[in-house]
Protein chains: 2
Amino acid sequence: MGLAERKERDKAELKDTILEAAKSILLKHGIKGLSIRKIANNVEYSPATIYLYFKDKDEIMHELMEMGFKLMNSYMSESISELDPVKRINGIGKAYIKFGLEKKDWYDLMFNSEKPMKHIEKCLEEWDEGMAMFALLAATCKQAIDKLGLQGVNERILALHLWSCVHGLVNLAQTERLEIVEQNNAKELLEKTLDSMMKTIFR
Amino acid sequence: MGLAERKERDKAELKDTILEAAKSILLKHGIKGLSIRKIANNVEYSPATIYLYFKDKDEIMHELMEMGFKLMNSYMSESISELDPVKRINGIGKAYIKFGLEKKDWYDLMFNSEKPMKHIEKCLEEWDEGMAMFALLAATCKQAIDKLGLQGVNERILALHLWSCVHGLVNLAQTERLEIVEQNNAKELLEKTLDSMMKTIFR
DNA sequence: TGAAAATATGAACAGTGTTCATTATATTTG
DNA sequence: CAAATATAATGAACACTGTTCATATTTTCA
């Protein structure tokens, strides 16, 4: 059985190699430059071989997405340990923006590419991750609402409010629509806006 | 000169026909299904002919974008006449969301496709339009700030806050990320969130 | 060593945007 | 009117894209 195991390991290894190649192409050429043929070339296999290890391109993108979520989590992790709910929300928002601006290609892949509905099982897993993230934000919102005595504010709606704010900001920055507001220094503008948002919402 | 004029008119007509074909393909097959060859097929010319009337696909997309902005303006126009600043902002937000949900393909084209930087002149025009829109929102924000006596709030930052909110909401809805928050009825969720946003910000 | 199973690939299909030499049409001039 | 010229349209090609499948190569096992 040792042989069969090594076979399995070899197979998993190549799968990993393909994913690593895909990742490096994503980072080098962006989401638009990511192609099966480039990946195949990179790992020195024929394009057809890729399909022996992945069902299609969507599956590869999906695996990359999970890598992206892990990276994003690492951006958030510091802020999550913050005790004060408002400060925690602020930290999460800052980390979200930082990730969005610094890891444009990852963010593109995770939030601006069409969700591959074909892999329902995989999607549910990912939903879980996203839902857990959102649930955490909502729970923190509840704490903030209680602490500040905000009345008539639903924590899930507030969480969505906050999420759409930072998501919208990152999106507008990435598609270069923010130049309408201010020509240069998107990062500073985003941080300033986040500060103002926090003050306005949790005043 | 009559002949030359008719020639010009004919040329402009074909240009228009091509754009109309592009529009109908956008509405039928979405932004991903919009191709030069489909357009050419639709107007019964060869693909190469398209390039006699437009520099490249970006130029066509850009013209479509302008059509989209006009359509969006028609969604907004009612709300703009509203006198109360907060109500006006609310109306604009509602119209923005309505447009985003009802005209997904247009919205995609206008806000989620890469801005074609090649046509700088054209882009500046469009900037003007967008900047005018944003300036109006910011001016309305100023009125609201004054009326409600909100302190330490910059109107342009507040305008960006509002814009990123609705933009983020529409974006999350379109990329089906809102299912994390609530499985069904995105429209209702968005309106509920907008209401809550307005109450939270202009309380 | 030879049959069977696993793995890899070349070639093709149907698309994409874009270019350019060639052809067809219309206009102007001799 | 016919020939020369200017305008308009196109077929074919290039370099890509994702994906499939019959064929070929390699590895495993009896």
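Quick note: numbers below take in every heavy atom, side chains included, and nothing from hydrogens, waters or symmetry partners.
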- Query: Rounded to whole angstrom units, what separation is found between the NZ atom of B/K57 and the P atom of D/dC16?
  - Reply: 18 Å

- Please assess B/E191 against B/K187 for the test salt bridge (Lys or Arg N to Asp or Glu O under 4.0 Å), listing each intermediate value before the final yes or no. CA-CA 6 Å; B/E191 282 174 2; B/K187 190 178 166 63; 3.5 Å; yes

- Message: Using five base pairs at each end to define the local axes, how bent is the helix from C/dT1-D/dA30 to C/dG30-D/dC1, to the nearest 10°?
- Response: 30°

All N/O donor-acceptor pairs, side-chain side in residues 194-203 of chain A, below 3.5 Å, sequence neighbours left out:
{"residue": "A/T200", "atom": "OG1", "partner": "A/S196", "partner atom": "O", "Å": "2.7"}
{"residue": "A/R203", "atom": "NE", "partner": "A/T200", "partner atom": "O", "Å": "3.1"}
{"residue": "A/R203", "atom": "NH2", "partner": "A/T200", "partner atom": "O", "Å": "3.3"}
{"residue": "A/R203", "atom": "NH2", "partner": "B/T200", "partner atom": "O", "Å": "3.2"}
{"residue": "A/R203", "atom": "NH2", "partner": "B/I201", "partner atom": "O", "Å": "2.8"}

- Query: How long is the line joining NZ of A/K15 and P of C/dT7, in whole Å?
  - Reply: 13 Å

- Upstream residue (5' side of DNA chain D) when A/A48 and B/S46 are each assigned their closest nucleotide: B/S46

- Separation of A/D56 atom CG from D/dT20 atom C1', in whole Å? 13 Å

Report, one line per pair, each donor and acceptor closer than 3.5 Å where one atom sits in a side chain of residues 79-86 of chain B; sequence neighbours left out.
{"residue": "B/S79", "atom": "OG", "partner": "B/G91", "partner atom": "O", "Å": "3.3"}
{"residue": "B/S81", "atom": "OG", "partner": "B/E78", "partner atom": "O", "Å": "2.7"}
{"residue": "B/E82", "atom": "OE2", "partner": "B/D84", "partner atom": "N", "Å": "3.2"}
{"residue": "B/D84", "atom": "OD1", "partner": "B/K147", "partner atom": "NZ", "Å": "2.4"}
{"residue": "B/D84", "atom": "OD2", "partner": "B/V86", "partner atom": "N", "Å": "3.4"}
{"residue": "B/D84", "atom": "OD2", "partner": "B/K87", "partner atom": "N", "Å": "3.0"}

- A/L190 and A/L178, any side-chain heavy atoms less than 4.5 Å apart: yes

- Message: Without decimals, in angstroms, what is the distance between B/L52 CG and C/dT22 C1'?
- Response: 14 Å

- Message: Let me confirm one number: the CG-CE distance from A/L71 to A/M76, rounded to the nearest 0.5 Å.
- Response: 10.5 Å

- Please tell me which of the listed nucleotides, C/dT18, D/dG18, C/dT9, lies nearest to the side chain of B/P47? C/dT18

- Query: Any idea how B/H167 and B/Y96 line up, ring-wise: parallel (<30°), tilted (30 to 60°), or perpendicular (>60°)?
  - Reply: perpendicular

- Query: Given atom OH of B/Y51 and atom C1' of D/dA13, what is their separation to the nearest angstrom?
  - Reply: 14 Å

- Task: State which of D/dT20, D/dA9, C/dA8 makes the closest approach to the side chain of B/T49.
- Result: D/dA9

Return all side-chain donor-acceptor pairs below 3.5 angstrom for residues 37-52 of chain B, not counting sequence neighbours, or 'none' if the list is empty.
{"residue": "B/K38", "atom": "NZ", "partner": "B/G33", "partner atom": "O", "Å": "2.7"}
{"residue": "B/S46", "atom": "OG", "partner": "B/A48", "partner atom": "N", "Å": "3.1"}
{"residue": "B/T49", "atom": "OG1", "partner": "B/S46", "partner atom": "O", "Å": "3.4"}

- Look at B/Y53 and D/dA9 and indicate whether a side-chain polar atom (N or O) is within less than 4.0 Å of OP1 or OP2. yes

- Give the ring-plane orientation class for B/F99 versus B/Y75, where under 30° counts as parallel, over 60° as perpendicular and anything between as tilted. perpendicular

- Message: Which residues in residues 23-44 of chain A have a heavy atom closer than 4.0 Å to any atom of DNA chain C?
- Response: A/R37

- Rounded to the Å, how far apart are B/L14 CG and D/dT7 C1'? 14 Å

- Query: Using a cut-off of 4.0 Å on non-hydrogen atoms, how would the nucleic acid contact of B/F54 be classed: base, sugar-phosphate, or nothing?
  - Reply: nothing

- Task: Give the rounded distance in Å between these two atoms: NZ of B/K55 and C1' of C/dT18.
- Result: 12 Å

Donor-acceptor pairs under 3.5 Å, side chain of residues 12-28 of chain A to any protein atom, not counting sequence neighbours: which ones?
{"residue": "A/T17", "atom": "OG1", "partner": "A/E13", "partner atom": "O", "Å": "2.8"}
{"residue": "A/S24", "atom": "OG", "partner": "A/A21", "partner atom": "O", "Å": "3.1"}

- Atom CD of A/E13 to atom P of C/dT7: distance rounded to whole Å? 14 Å

